[in-house]
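Have a look at the structure below, then the notes.
These numbers were taken from a predicted model, which means no experiment stands behind them. To find a chain, count down the sequence lines: A is the first, B the second, and so on, and within it residues start at 1.
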Protein chains: 2
Amino acid sequence: MSVEHTLLAVLSFWPSTGYNIKSEFEHKAAGLYWGMSYGSIYPKLKKLEDEGFIYTVEQEDEGRKKKLYELTSKGWEEFENWLKVPPSYPVIKDELLMKMSTWHEDMDYDILITHLTKRKEETEDILRFVKEWPQNGYSYISKLGTLSIRFAEMRLETELKWIAESIEALKKDDLPNGQDPHGNTEKLLERRRKAIGEKKEK
Amino acid sequence: MSVEHTLLAVLSFWPSTGYNIKSEFEHKAAGLYWGMSYGSIYPKLKKLEDEGFIYTVEQEDEGRKKKLYELTSKGWEEFENWLKVPPSYPVIKDELLMKMSTWHEDMDYDILITHLTKRKEETEDILRFVKEWPQNGYSYISKLGTLSIRFAEMRLETELKWIAESIEALKKDDLPNGQDPHGNTEKLLERRRKAIGEKKEK
DNA sequence: GAGCCCATGTAAAGTGTTACATGATTGC
DNA sequence: GCAATCATGTAACACTTTACATGGGCTC
């Protein structure tokens, strides 16, 4: 029931519309929140309303009609009970790590360096945002929110450090030794060459 | 097509069975890989075989009958083309951060400390595994695999550092100031109390 | 009046997990 | 002989995204 609880959590800050929730999640703040599409948000909001966790505060004052949702007492209770449940361990899907750790020696390292460089730029962008966010003067960030953001900051900085080290190592071809007790590196290259019918280069 | 490519990547190391792939992913190595269930693995392997990316090497020598899958030349090609595609930015779903940043001041901090402590233990377990893995003498880890593991190590150590700092801050009630230009903290507590009909404590 | 952002919603397609069924072999 | 592990597979369910439909207001 995680999407529902995320919605309750967002609504705990202040009453919001479905559209608004989506935009809040758009810049998704470096892993603090994760994205949701309208296709999940609107039906879930309706469901939460049907079940009595939230209610609509119709708004028409600014010309546009929109549906503001607010938590009911049942909604607050559900939200707070969810807060008390020990969180499950985070899931990280990092394609770069997957690719890097399955990269093989007949594949040009330069392409990998390109991937790392792209990642570096993206991470720098997010880090810049994360650093400015708690000082922009208008966003609401609670004391504990600041602690969470501190984590994002530390994590992103660690990542940049690792990227720099990795690019260095790749450029100098100064890579650490792996662990290959059964000569797998060679076997892999042989299997590959046999399969694609290539003769050994170098 | 990400699950498919993950399967090709795993098979690039050596021919494997569906069962074997699942076990490889079981300890999922700190975010380097992510889990898959039999319900995805077996149908996808069949699909990949039908499409000519992998083929079966029937095995019956050890009593048990199992289906070893190996990459075809088309499979190697597809795998390597996938390696060349710039990876998308990682998705992190961290419920602890979500809960922490939406925690409010009428919720007992002790529970949050419990969550952090649990997370600390889980992270320590994984870190221990990650550190021993490249030195256990039997696992195959390529040079680039070692670099990836280095990242996992750094990330986990950063996390532990942040957890320690956060627990300290919570215990001493020495939290950083947030950013609250519109008095949202108070508004939130008022909305909540109004909703659940509680009078202000403290 | 064209294009863009605000705003709500749905149907179909895609993707994945859970739970079960089945059966052989190994270790105690 | 019984439990655990090895091994393959599927059907039903859950969950999400994609793509579309709709319409008002704002700005140039």
Return no unless some side-chain N or O of K46(A) is found under 4.0 Å from OP1 or OP2 of dT10(C). yes
For E49(B) and T56(B), does a side-chain donor sit closer than 3.5 Å to a side-chain acceptor? yes
Of the nucleotides dT10(D), dT8(D), dG9(C), which has the atom closest to the Y42(A) side chain? dG9(C)
Using a heavy-atom cut-off of 4.0 Å across all strands, would you classify G39(B) as base, sugar-phosphate, or nothing? base
In whole angstroms, how far is the P atom of dT17(D) from the CH2 atom of W34(A)? 12 Å
Which comes earlier along DNA chain D counting from the 5' end, the contact point of I41(A) or that of K67(B), where each point is its nearest nucleotide? K67(B)
Sidechain N-carboxylate O distance under 4.0 Å for E157(A), K131(A): yes
Whole-Å distance between dT18(D) P and M36(A) CE? 14 Å
N or O in side chain of Y19(B) less than 4.0 angstrom from dT8(D) OP1/OP2: no
Tell me: NZ of K44(A) to P of dT17(D), nearest whole Å? 11 Å
For dT17(C), does OP1 or OP2 lie under 4.0 Å from any side-chain N or O of S40(B)? yes
Whole angstroms only, please: what is the OH-P distance between Y38(A) and dA12(C)? 22 Å
Taken to the nearest whole Å, CD/E24(B) to C1'/dC6(D) is 15 Å
Any side-chain heavy atom of Q179(B) sitting closer than 4.5 Å to one from N136(A)? yes
Can you identify which nucleotide, out of dA7(C), dT17(D), dT16(D), has its nearest atom closest to the S37(A) side chain? dT17(D)
Is a side-chain N or O of Y69(B) found less than 3.5 angstrom from the main chain of L8(B), in a donor-acceptor match? no
What integer distance in Å separates I21(B):CD1 from dA7(D):P? 12 Å
Please name all residues satisfying side chain to side chain donor-acceptor pair (under 3.5 Å) with K84(B), sequence neighbours left out, ordered by chain then number. none
Taking NZ from K22(B) and P from dA19(C), how many angstroms apart are they, rounded to a whole number? 12 Å
N/O (side chain, T17(A)) to phosphate O (OP1/OP2, dT8(C)) under 4.0 Å: yes
K66(A) atom NZ is separated from dC6(C) atom P, nearest whole Å, by 10 Å
